[in-house]
Amino acid sequence: MRSMFKASVAALGLTAITAGGAIADGHGLSGDLKIFLDTSNPAPRATMETMIAGFGELHPNLNIETTVIDREAYKTQIRNFLTADAPDVATWYAANRMRPYVEAGLFEDVSDLWAEPEIATNLASTKGAMTIDDKQWGVPYTYYQWGVYYRKDIYEELGLTEPTDWAEFKSNCQAIVDSGRSCFTIGSKFLWTAGGWFDYLNVRTNGFDYHMDMAAGNVPWTDDGVKQTFANWRELIDMGAFVENHQNYSWQEALPFMVNGDSAGYLMGNFAVAPLREAGLTDDQLDFYQFPSINPDVALAEDAPTDTFHIPSNAQNKEAAREFLRYVVSADVQTTINNGANLGQLPVNASASVDDDKFLNEGFEMLSTNSPGGVAQFFDRDFPAEMAAEAMQGFQEFMVFPDNLDDILARLEKVRERTNK
């Protein structure tokens, strides 16, 4: 499939890039290299395919076969294809989301790559997210900030400024509701969107260490700290902060409420910027702020999900797969694939350059200088899969039926107790 992408390689600027340790004359690698991707949306798919074509240009004796699978379908198929007829390289996610495949022996230990000076130095900040049992099981290729994207023009109309604490956050929200709008759009049909709200409310109420202790199963869902997180969430629900009928919308279907001015903000990852711009919002209308402090006694922590590449244990061409991972994390490739014209996210290589994009720069500054509490991956990446699935269902139910909280917490506690045995 390599020849499909050659025409656009130069446009992405990857043709002449060599990574640390790469074989510059292109004759050292041969055979087949099978790559499975979950980057099924148009922009990331094009970026990944063109990056792979750039790698192919460096290694003309290597036959690269790329398979792209819809992201939601990929999540259900990954265990099957890792077990039978595994590719040589596969995309996935960091932290707890990779743990089941590490523990099942389906991901290759690539600690040898992390021992190489180029990777050890330039990817040091992401090493923890790729580490289980003191070994590394893949490499990251992009990460991105979460936070509140908001309609700056609506805030200006109402005389509001970016909130710095919980009282200002709620005061702004009340003013927005009084103007006939919802404070936030959300599409909780995809349950992970509610997971983002729990993450931020919990780390702002109880702190990063408490949140990660919950992820490890060490904090009961009936704990007073958890109840306070939900009490804070309920304050927003009761004032009508969220768009109605959100359980019927995907995250994309919730975007028009913000575009049309019916909602003033969206707690979301930076991937929402491109569709908001494409829908007609300008950077004069659209802005971003860090989720404000709730409990002044806990340091600010952030969600910054990290997407990754792995080598399946059953891969047939591990030499070429390792070379591809080196290529993906090299500074030049990182600069290019993460720029505003491609993924529009943040490079994982410290020697790469952040694209001159308003939101990327704000996210980079926030994660680099104002997240002393720590960086989480995201609820369904940090919590074990069964717990995450049950809890996110509970979050959606709570947002629709907040009086059900005691029943929801009791159910989640039973899941925690069962999975901790």
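This is a predicted model, so every value here is computed, not measured.
Close placement of the Tyr249 and Phe257 rings is indicated, their centers lying within 6.0 Å of each other. Close placement of the His211 and Phe383 rings is indicated, their centers lying within 6.0 Å of each other. Taking the six-membered ring where the residue is Trp, the centroids of Phe395 and Phe198 are separated by under 6.0 Å. Aromatic pair Phe169/Phe291: ring centres closer than 6.0 Å. Taking the six-membered ring for Trp and the full ring otherwise, Tyr150 and Phe288 have centroids separated by 6.0 Å or more. In summary, the aromatic rings of Trp192 and Phe379 are positioned with their centroids too far apart to meet the 6.0 Å limit.
Ring geometry for Phe271 versus Tyr144: interplanar angle over 60°, hence perpendicular rather than tilted (30 to 60°). Taking the six-membered ring where tryptophan is involved, the planes of Tyr155 and Tyr289 are tilted, since the angle between them lies from 30° to 60°. Ring orientation note: the planes of Phe398 and Phe230 are nearly perpendicular, at an angle over 60° on the 30°/60° scale. Note on ring orientation: taking the six-membered ring where Trp is involved, the planes of Phe184 and Phe242 are tilted (angle from 30° to 60°).
The minimum heavy-atom distance between Pro220 and Arg416, with the atom names listed, is CA-NE, 3.5 Å.
Between the side chains of Thr131 and Gln136, at least one donor-acceptor pair of N or O atoms lies under 3.5 Å. Between the side chains of Ser188 and Thr193, no donor N or O sits under 3.5 Å from an acceptor N or O.
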Please evaluate residues Thr67 and Leu37 with respect to the criterion side-chain contact (heavy atoms from CB on, under 4.5 Å), reporting the C-alpha separation (whole Å), side-chain torsions for both, the decisive distance (0.1 Å), and the verdict.
CA-CA 6 Å; Thr67 300; Leu37 305 173; over 6 Å; no

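Salt-bridge check for Glu302 with Arg204: passed, with a basic side-chain N closer than 4.0 Å to an acidic carboxylate O. Salt-bridge formation is not detected for the pair Asp382/Arg97: no Lys NZ or Arg NE/NH1/NH2 atom is positioned less than 4.0 Å from an Asp or Glu carboxylate oxygen. A salt bridge does not link Lys318 to Asp88: none of the charged side-chain nitrogens sits closer than 4.0 Å to a carboxylate oxygen. With respect to the salt-bridge test (charged N to carboxylate O, under 4.0 angstrom), the residues Asp403 and Arg234 qualify. At a threshold of 4.0 Å, the pair Arg326-Glu118 does not count as salt-bridged, since none of the basic side-chain nitrogens sits closer than that to a carboxylate oxygen. In summary, Lys75 and Asp38 do not engage in a salt bridge, as defined by a charged side-chain N under 4.0 Å from a carboxylate O.
Between the Asp307 side chain and the Thr91 main chain, no donor and acceptor come within less than 3.5 Å of each other. Between the side chain of Asp109 and the main chain of Ser111, a donor-acceptor pair closer than 3.5 Å is present. Looking only at distances, no side-chain donor or acceptor of Trp114 sits under 3.5 Å from a matching main-chain atom of Val139.
Residues passing the salt bridge (charged side-chain N to carboxylate O under 4.0 Å, His left out) test with Lys414: none are found, sequence neighbours excluded.
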